[in-house]
Structure formats: structure tokens, C-alpha cells
Q: 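Below is one structure. I have some questions about it.
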Amino acid sequence: MTNKKISLIFLLLFLSIIITGCINEQTENSDQINVDEEKYEYSDTIPTGTDTIYQFSVIDALLEGVYDGEMNCGELKTRGDFGLGTFDNLNGEMLELEGVIYQVRADGNVCEINDSETSPFAVVTFFENDIEKNLDKKMTGQQVAAHIEELLPSRNIMYAIKINGEFEYMKTRSVAAQEKPYPRLIEVTEDQSVFEFNDTKGTIVGYWMPEYIEGINVPGYHLHFITEDRTGGGHVLDYTLTSGTIEIDRSDRFYLELPENENYLSKGFSADTEDELEEAEN
Ligand code: ZN
């Protein structure tokens, strides 16, 4: 063997040591990322396990009149089996319960929605009960709201809220499909349809969000309702509970997906929408 050949072998050996070293280092690094595989189930890299709230679009876009449906309901069901939102053109209130998506139309009718229908704004999660409380005395919606807030372990995380019960009174609203150019949400809700139910059974589906979510979602409560027989419901405005069960799903993960349609991309959002949100949602 010539000296040249020997030095080439040494060089190759040296290089392979460096490369192996690098690989080992990488392996060590990836070992340090501790992924709780049971908690996360990935669908197209979107975490869809429990304790994750998935949201499509932001509430400020809805306030500005971005009503073009983009997320289809079939896909939405892969992100959660429980939630709320609205439909293409703002056509009614959306409620998802046990994996079924319902539409409460402006005429009060309720129907199950096909997977091909689309939504401009929706918030869903795989509901898993973490905190449960039975209520057996009559309470107003405000009393229930205050009671739930006492049950929340912290005001700094997010919660999905489910209330199954009998209601002495329930007042909801829905909105009609809009035409382009879309009016702002505050103008639409001036003409909203209001429904009142007396002595009805049903389920409230919704969220409690922290103050810092302003602009993205609704701080505090956002609740929708559906009757047990699935013939009525809507966005909750007021109620009196006779008895029922509160279930709370604490969520410390939030996944936000934004629309790509021109309507969304070209809109300027107002900096301060707090008052408008209050008027449009309550
Ligand atoms: Zn609503």
C-alpha cells in the first residue's frame, strides 16, 4: 500500500467518525422531544386529540362580514365531535353534538348537515368531561354562568362547556343567509330571528374563553342550544334552568386555522371590536 492510500483510508475513517458523531447527536436531540402520543393524534399535522380546541377563522372576520364558507363539515368532524359556528353565507347557527352537525335556520327549523356543506367560522373539540356538577334547583343563565366560573380551576385556560338539562325558559336566535356584498355582523343581528321555548329539554354546547382571546374568539361564554328532540335551538341569549348537569372539558391546547379566500384576505379588521362583539353576540 502506498502512503497516499494509507492517508486516504485514515481520512475516510476520520470522516466516518465525524458523520456517526453527528448522527448520534441528532438521535439524542430527537429523543429529547417528548411527544405524548396518546394525547395527540395527528391528522394532516393538526392535533385532534382531546384537550385541543380547533378553530377555523377568527371572530373579528365574522364581525367584518367574512361569511364565505371554506372549511367543509366533513373535515370539521375530524377536528372535533362537539362545537359551534355558522355556515356559508352566515346561513344559520351551527351546533355539533356527538359528532353530528346541526343547522338552526333563521326560520327556526333544524336539520342535520351534509359533510359537503362549508363553514366560515367554527370551533370544535373532542369533548371529554373533566369536571361534572349536578344542578337541582332553578337557576337563571347568569347564575349558572357564575356557578361555572367558580368551578373553573383557572381563568387562564380554555373550556368546552356542556349543559344537559330541563329548561323552564330558553331564548335563542338565528341569522339568515346573507348576500354579497356581505353586511357586517352587527347589521345582520339587528334583524335576527329570536326563538323562545318554555319547559323544554335539551343541551347547551359552547365554550368559556379567557379575556386574552379577544379578536380571535369570544371572551367569556359563547353558547348554542339544541332541544332534545332536535327540532329547535340557536345561539343562546337567555335561559332559566330547572335542573341539569354541567360538564366541563378543560383544554390547554388551541389550534387556529385561517381562511385562504379572497373575502378574508382582503378585509381590514377593526382594532377595537369589543362593543360590537357584545352587541352581536349578546
Ligand atoms: Zn353563536
Side-chain angles (χ1 to χ4, degrees), residues 53-67 69 71 73 76 79-80 82-97 100-111 113 117-125 127 141-142 144-145 148 158-163 167 170-178 182-197 202-209 213-227 230 232-239 256 273-282:
I53 292 173
Y54 167 86
Q55 179 172 327
F56 184 74
S57 194
V58 291
I59 197 75
D60 272 8
L62 210 62
L63 286 172
E64 292 290 339
V66 179
Y67 308 141
M71 169 57 59
C73 289
L76 204 53
R79 319 281 201 247
F82 174 100
L84 52 73
T86 185
F87 298 96
D88 188 30
N89 305 320
L90 200 71
N91 189 10
E93 305 284 351
M94 175 197 287
L95 179 143
E96 187 184 19
L97 185 58
V100 181
I101 298 182
Y102 301 94
Q103 177 188 38
V104 181
R105 293 167 178 259
D107 63 7
N109 285 323
V110 177
C111 50
I113 279 299
E117 295 282 331
T118 57
S119 167
F121 176 86
V123 192
V124 299
T125 188
F127 193 90
Q142 275 154 347
V144 174
I148 291 173
M158 303 173 184
Y159 304 91
I161 310 273
K162 179 154 106 182
I163 308 169
F167 299 86
M170 173 61 72
K171 185 180 178 184
T172 64
R173 73 105 192 271
S174 184
V175 283
Q178 302 297 307
Y182 294 131
R184 297 170 61 80
L185 187 61
I186 199 168
E187 290 162 37
V188 178
T189 53
E190 276 170 18
D191 286 331
Q192 66 192 9
S193 313
V194 174
F195 312 111
E196 290 178 293
F197 305 86
T203 307
I204 289 175
V205 163
Y207 295 92
W208 184 96
M209 293 272 177
I213 208 73
E214 192 188 329
I216 294 171
N217 200 311
V218 182
Y221 294 97
H222 184 184
L223 308 171
H224 287 189
F225 173 73
I226 193 157
T227 57
R230 310 291 189 246
H235 171 104
V236 174
L237 296 174
D238 190 21
Y239 67 91
L256 178 63
T273 48
E274 202 181 331
D275 293 343
E276 247 181 66
L277 183 67
E278 176 69 23
E279 207 172 321
E281 295 296 319
N282 301 315

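All ligand and atom numbering here is 1-based and tracks the order in the structure.
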Q: Is Lys162 positioned over the aromatic face of Phe127, cation under 6.0 angstrom from the ring centre and no more than 45 degrees off axis?
A: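 Cation-pi check for Lys162 and Phe127: passes.
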Q: Can you list everything that forms a side chain to side chain contact (heavy atoms under 4.5 Å, CB included) with Ser119? Sequence neighbours excluded, please.
A: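 Partners of Ser119 under the side chain to side chain contact (heavy atoms under 4.5 Å, CB included) test: Met94, Ala122.
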Q: Could you tell me whether the side chain of Leu84 reaches within less than 4.5 Å of the side chain of Glu93, counting heavy atoms only?
A: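 They are not in contact (no side-chain heavy atoms under 4.5 Å apart), so the answer is no.
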Q: Just checking, any donor-acceptor pair under 3.5 angstrom between side chains of Asp107 and Asn109?
A: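 Their side chains do contain a donor-acceptor pair, which is all the 3.5 Å distance test asks for.
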Q: For the Zn ion (ligand 1), how many protein N, O or S atoms come closer than 2.8 Å?
A: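 Protein heteroatoms (N, O, S) closer than 2.8 Å to the Zn ion (ligand 1) number 3.
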Q: Measuring only between side-chain heavy atoms, which start at C-beta, is Tyr67 closer than 4.5 Å to Leu62?
A: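 Yes, at least one pair of side-chain atoms sits under 4.5 Å.
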Q: Classify the ring geometry of Tyr239 against Phe167: parallel below 30°, tilted from 30° to 60°, perpendicular beyond 60°.
A: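 Tyr239 and Phe167: perpendicular rings.
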